[in-house]
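No hydrogens, no waters, no symmetry mates; every other heavy atom, side chains included, goes into these values. The structure displayed is predicted, hence computed values, not measured ones.
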Amino acid sequence: MVVEPPARFYNSGMEPLVIAGKAFQSRLIVGTGKYRDGAETQAAIEASGAEIVTVAVRRVNLDRSRESLLDFIDPQRYFLLPNTAGCYTAEEAIRAARLGREVGLSDWVKIEVIGDQATLYPDVQATLEATRVLVREGFTVLPYTTDDIVFARRLIDAGAAAVMPLGAPIGTGLGISDRDTFQMLRELIHEVPLIIDAGLGTASDAALAMELGADAVLLNSCLAAAAKPVLMAEAMSHAVLAGRQAFLAGRMPRRLYATASSPLQGISR
């Protein structure tokens, strides 16, 4: 059973997020790195209302021989999404995904294959290779990638269950650095969810991502590095919901000149 998101998600009138045929009410996905301790991690996840929680296969104690991050995340309440953070080759990522499945975490995996240590940009060729192999092995693959439409298409053709472009480099908090490119992705990709992964810094960034048409956002550093992570997690839950509602509502057209809020027709003179 997945944790019940706050009532605001059910009362919003929005359709659920569907990934590989599985429905989620919340469109906020959260990570588990960089928090001060397990208790803070647990409290922030709860405050976020997220249903999907990512865990780094290479950074958790899988055999539970000592205290592990997994001790603070109840798999009966949350949908665990293993990720291959810290992998620099397709072979490493494939091995990590297989390990996560072998120890019973999930046959879903968020693929990360880092190609540059300074920017933590993904190696798109290695990401594509890992996606192809893991899809053939029955995994549900959600790849972290760049905002390149060509590689997005190739990942979809390889069987990716979502496309997860970065908003900005991991951990920078810069927000969406190229809105035009993201809007192009949004207009051209409809087969699978389009999820902003990495680079967001605060609630307004998450709201903007959703207003631009993201199907969901994945957050970690902006929560864990906030002065008050639990409060920021709650703020993000509101931002994601508000941004999605605004996208569905459709914003008013931008105009160069003012237009009176009250119509002038019918005014007595």
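Follow the hydrophobic side-chain contacts under 4.5 Å out from F79 and you reach L142 in the same cluster. Linking Ile, Leu, Val, Met, Phe, Trp and Tyr residues whenever their side-chain heavy atoms come within less than 4.5 Å places F182 and L188 in a single cluster. By the rule that hydrophobic residues join a cluster once side-chain heavy atoms approach within less than 4.5 Å of another member, M184 and I176 end up as members of one cluster. No continuous path of hydrophobic side-chain contacts links Y121 to V124 [ILVMFWY only; heavy atoms under 4.5 Å]. Hydrophobic clustering (ILVMFWY, side-chain heavy atoms < 4.5 Å, transitive): I195 and L128 are in distinct clusters.
By the 4.5 Å heavy-atom criterion applied to side chains, L166 and P122 are counted as neighbours. Using a 4.5 Å cut-off on side-chain heavy atoms (C-beta onward), V217 and L28 make contact. Contact of the P143 side chain with the V163 side chain is not registered, since no non-hydrogen atoms from C-beta on lie closer than 4.5 Å. Side-chain contact between N83 and V109 is absent, with no heavy atoms from C-beta onward closer than 4.5 Å. Using a 4.5 Å cut-off on side-chain heavy atoms (C-beta onward), L223 and V30 make contact. No side-chain heavy atom of I94 sits less than 4.5 Å from a side-chain heavy atom of T89.
Rounding to the nearest 0.5 Å gives a distance of 11.5 Å between CG of D215 and CE of M164. The line from CD1 of I29 to CZ of F24 is 8.0 Å long, rounded to the nearest 0.5 Å. Taken from OG1 in T145 to CD in E112, the straight-line distance is 11.5 Å, to the nearest 0.5 Å. In this structure, CG on L212 lies 11.0 Å from CG on L185, to the nearest 0.5 angstrom. Residue R254 holds its CZ atom at 13.0 Å from CG of L256, rounded to the nearest 0.5 Å. To the nearest 0.5 angstrom, L219 atom CG is 10.0 Å from M232 atom CE.
Judged purely by atom type and a 3.5 angstrom limit, S177 uses its side chain to pair as donor or acceptor with the backbone of G167. With E51 contributing its side chain and Q25 its backbone, the two residues share a donor-acceptor pair below 3.5 Å. Between the side chain of Q42 and the backbone N or O of G38 there is no donor-acceptor pair closer than 3.5 Å. S48 contributes a side-chain N or O that, together with a main-chain N or O of A50, makes up a donor-acceptor pair within less than 3.5 Å. A donor-acceptor pair under 3.5 Å is formed between the side chain of E92 and the backbone N or O of Y88.
A salt bridge links E15 with R27: the closest approach of a Lys/Arg side-chain nitrogen to an acidic carboxylate oxygen falls below 4.0 angstrom. Of the charged side-chain nitrogens involved, at least one lies within less than 4.0 Å of a carboxylate oxygen, so that R153 and E191 count as a salt-bridged pair. Salt bridge annotation for E46-R77: present, with a cationic side-chain nitrogen under 4.0 angstrom from a carboxylate oxygen.
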Exercise for the section: List the steps and the verdict of side-chain contact (heavy atoms from CB on, under 4.5 Å) for V55 and I73. Expected result: CA-CA 10 Å; V55 292; I73 307 170; 3.9 Å; yes
Exercise for the section: Report the C-alpha separation of E137 and R132 in whole Å, then their side-chain angles, then the decisive distance to 0.1 Å, and conclude whether the salt bridge (charged side-chain N to carboxylate O under 4.0 Å, His left out) test is met. Expected result: CA-CA 9 Å; E137 294 183 5; R132 284 175 174 153; over 6 Å; no
Practice task
Give the C-alpha distance, both sets of side-chain angles, the deciding distance and a yes or no for side-chain contact (heavy atoms from CB on, under 4.5 Å) between V113 and Y144.
Solution key: CA-CA 8 Å; V113 185; Y144 161 65; over 6 Å; no
Exercise for the section: Mind running side-chain contact (heavy atoms from CB on, under 4.5 Å) on F247 and M210 for me, showing each step along the way? Expected result: CA-CA 7 Å; F247 172 74; M210 299 303 294; 5.9 Å; no
Practice task
Check the pair R101 / V57 against side-chain contact (heavy atoms from CB on, under 4.5 Å), numbers first and verdict last.
Solution key: CA-CA 10 Å; R101 180 164 68 178; V57 174; over 6 Å; no
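Each of L80, V141, I19 was checked for a side-chain contact (heavy atoms from CB on, under 4.5 Å) with W108, and the lone residue meeting it is I19. Each of D74, T41, L81, I45 was evaluated against V53; a single residue qualifies, I45, per the side-chain contact (heavy atoms from CB on, under 4.5 Å) test. When the options T84, D197, T140, T54 are evaluated for a side chain to side chain donor-acceptor pair (under 3.5 Å) with K110, the one that passes is D197.
G49 and S26 make their closest contact through O-CB, 3.4 Å (heavy atoms, listed as atom of the first residue, atom of the second, distance). Scanning both residues, L200 and A206, for their nearest heavy atoms gives CD1-CA, 4.0 Å. P229 approaches R36 most closely through the heavy-atom pair CD-NH2, 3.8 Å. Between G201 and C222, the shortest heavy-atom contact is O-CB, 3.4 Å. Residue A20 comes nearest to A161 through the heavy atom pair CB-CB, 4.2 Å, listed as atom of the first residue, atom of the second, then distance. The heavy-atom pair separating S237 from A47 by the smallest distance is OG-O, 4.1 Å.
At a cut-off of 3.5 Å, with distance as the only test, a side-chain donor of S221 or K34 sits close to an acceptor on the other residue.
For the side-chain contact (heavy atoms from CB on, under 4.5 Å) test, residues two or more places apart in sequence or in another chain that qualify with D148 are T146, V150, F151.
Screening residues 116-125 for salt bridge (charged side-chain N to carboxylate O under 4.0 Å, His left out), with sequence neighbours left out, gives no hits.
By the neighbour-count criterion of 12 heavy atoms within 6.0 Å, atom CZ of R179 is sparsely surrounded, having that number or fewer from other residues, nucleotides or ligands.
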